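Have a look at the structure below, then the notes.
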Amino acid sequence: MPKIEKIHLYDKILSPLLTEKSTNLSGENKIVFKVRKSANKKNLKINIINKQNRTKFTRGRKVKVSGFKKAIITLKKGQSIDLTTGI
């Protein structure tokens, strides 16, 4: 019989993403978090977006910006998540 590993959601969430776009989504009861690369829809039950690595020019040099995954959680009416308490 295979061993079933319990995955706690707090192990997958790294930090909240506080951008202008994520602030606008909060009006639609959606919260955006930065999650680990190993996170997937099966163990989080939310929308996952994979941001790819990219390069940009800074002061005339190419700089590599690493990619990350972000999760968009849609809350039901009346639910809330307090981002000020920490994880």
Side-chain angles (χ1 to χ4, degrees):
M1 186 169 192
K3 184 180 176 182
I4 298 174
E5 183 180 327
K6 289 211 170 203
I7 298 171
H8 202 272
L9 292 180
Y10 292 137
D11 295 336
K12 298 291 180 180
I13 296 174
L14 297 176
S15 65
L17 280 177
L18 300 175
T19 61
E20 185 176 354
K21 188 171 184 178
S22 65
T23 305
N24 290 338
L25 285 174
S26 67
E28 301 173 17
N29 281 347
K30 295 183 180 187
I31 299 178
V32 182
F33 290 102
K34 189 174 187 178
V35 294
R36 296 195 185 277
K37 292 264 187 183
S38 61
N40 57 30
K41 285 186 171 189
K42 290 181 182 178
N43 57 21
L44 288 178
K45 307 279 187 195
I46 52 178
N47 296 329
I48 300 279
I49 298 171
N50 191 13
K51 299 288 286 184
Q52 298 294 325
N53 294 338
R54 63 185 178 95
T55 57
K56 70 176 192 175
F57 283 98
T58 302
R59 296 182 181 171
R61 295 184 176 181
K62 282 188 180 180
V63 178
K64 182 180 177 184
V65 178
S66 61
F68 60 93
K69 277 191 177 182
K70 65 180 178 178
I72 302 175
I73 301 173
T74 304
L75 301 174
K76 294 180 182 176
K77 229 177 201 180
Q79 289 181 330
S80 66
I81 296 177
D82 188 10
L83 297 177
T84 60
T85 57
I87 295 177

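Predicted model, so just to flag it, every value in this text is computed and none were measured. Just the heavy atoms: all of them, side chains too, but no hydrogens, waters or symmetry mates, feed the values below. Quick note: residue numbers are just sequence positions, from 1.
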Practice task
Please round to the nearest 0.5 Å and tell me the distance separating atom CZ of Phe68 and atom CZ of Arg36.
Solution key: 15.0 Å
Handout entry: Heavy-atom side-chain proximity of Phe57 to Lys62 below 4.5 angstrom
Key = yes
Problem - Lys64, NZ atom: more than 12 neighbouring heavy atoms under 6.0 Å - result: no
Exercise for the section: Could I get the full list of side chain to side chain contact (heavy atoms under 4.5 Å, CB included) partners for Lys69, not counting sequence neighbours? Expected result: Val35, Ile48, Asn50
Problem - Shared hydrophobic cluster for Ile46 and Leu75 (ILVMFWY, side-chain gaps under 4.5 Å) - result: yes
Quiz: residues 22-31 side-chain donor-acceptor pairs under 3.5 angstrom, not counting sequence neighbours:
from: Ser22; atom 1: OG; to: Leu17; atom 2: O; distance (Å): 2.8
from: Ser22; atom 1: OG; to: Thr19; atom 2: N; distance (Å): 2.8
from: Ser22; atom 1: OG; to: Thr19; atom 2: O; distance (Å): 3.0
from: Ser22; atom 1: OG; to: Thr19; atom 2: OG1; distance (Å): 3.3
from: Thr23; atom 1: OG1; to: Thr19; atom 2: O; distance (Å): 2.7
from: Asn24; atom 1: ND2; to: Glu20; atom 2: O; distance (Å): 3.4
from: Ser26; atom 1: OG; to: Thr23; atom 2: O; distance (Å): 2.5

